[in-house]
Undergrad: 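Could you have a look at this structure, given as structure tokens, before my questions?
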Amino acid sequence: RNSQVAVIAVSSVNEALSRLASVDCIRLAMVTASPHSFAGSRLAEVIRQKGGKVVLMGDLAESWGEVLGYQVLHRPFVQEQVLVMIEDLESRVTQTFPTRDGSSKPSATSASITLPPAYHEIPNED
């Protein structure tokens, strides 16, 4: 509904990091990953720095995600569940977002990202 929001769908962590480099704010990141490996990843850090809410998906997310404090999208799910999640988030979001320098700006460069179900583990970048 918000014409200033972009959806970025990628198939790898490196592609996500590359695409997110030019994004000032992330509203929602749907990531297929183990909560344990995601927690310390560079992608988690970038999403957090840009204000994003994380929803995990996948086998290990379904087993451990909620226990570790993540919102989890359990399978099977339907499009309506995802839309409700997005609408709920939009209802709680204001029209401006903090930037890296601490000021506020409109959400013109906001993004939602998603890694497809085929991607299950986020390797540590060490």
Undergrad: Take a 6.0 Å sphere around CD of Glu80 and say whether it holds more than 12 heavy atoms from other residues, nucleotides or ligands.
TA: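 Count over threshold, so yes.
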
Undergrad: Only counting residues at least two apart or in another chain, list the ones meeting salt bridge (Lys or Arg N to Asp or Glu O under 4.0 Å) with Glu15.
TA: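 Expected list: none.
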
Undergrad: State the CG-CD1 distance between Leu17 and Ile47, to the nearest 0.5 angstrom.
TA: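 Answer for the CG-CD1 pair, Leu17 versus Ile47, is 8.5 Å.
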
Undergrad: Could you measure the distance from the CD1 atom of Ile26 to the CG atom of Leu43? Nearest 0.5 Å is fine.
TA: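 Interatomic distance, Ile26 CD1 to Leu43 CG, rounded to 0.5 Å: 7.5 Å.
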
Undergrad: Could you tell me whether the side chain of Glu62 and the main chain of Asp59 form a donor-acceptor pair under 3.5 Å?
TA: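 Not confirmed, Glu62 side chain does not pair with Asp59 backbone.
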
Undergrad: Go through the structure and list residues passing side-chain hydrogen bond (donor to acceptor under 3.5 Å, both in side chains) with Glu66, not counting sequence neighbours.
TA: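 Result, side-chain hydrogen bond (donor to acceptor under 3.5 Å, both in side chains) vs Glu66: His74.
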
Undergrad: Can you tell me how far apart CG (Asp24) and NZ (Lys50) are? Round to the nearest 0.5 Å.
TA: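 Rounded to the nearest 0.5 Å, the CG-NZ separation comes out at 6.5 Å.
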
Undergrad: For the OG1 atom of Thr32 and the CZ atom of Phe38, what is their distance to the nearest 0.5 Å?
TA: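 It comes to 11.0 Å.
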
Undergrad: Can you see which heavy atom on Ala39 is nearest to which on Ala44, and at what distance?
TA: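 Nearest pair, atom of Ala39 first, then Ala44: O-CB, 4.0 Å.
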
Undergrad: Listed by chain and number, what are the side-chain contact (heavy atoms from CB on, under 4.5 Å) partners of Val84, not counting sequence neighbours?
TA: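 Partners of Val84 under the side-chain contact (heavy atoms from CB on, under 4.5 Å) test: none.
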
Undergrad: Give the minimum heavy-atom separation between Ile8 and Leu20, together with the two atoms involved.
TA: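 Closest approach of Ile8 to Leu20, heavy atoms only: CD1-CD2, 4.0 Å.
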
Undergrad: Using every non-hydrogen atom in the two residues, find where Ala61 and Leu56 come nearest and quote the distance to one decimal.
TA: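 Taking every non-hydrogen atom into account, CB-CB, 3.6 Å.
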
Undergrad: May I ask you to say whether Arg42 pairs ionically with Glu45, meaning some side-chain N is under 4.0 Å from a carboxylate O?
TA: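 Here Arg42 pairs with Glu45 in a salt bridge, since their nearest N and O are under 4.0 Å apart.
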
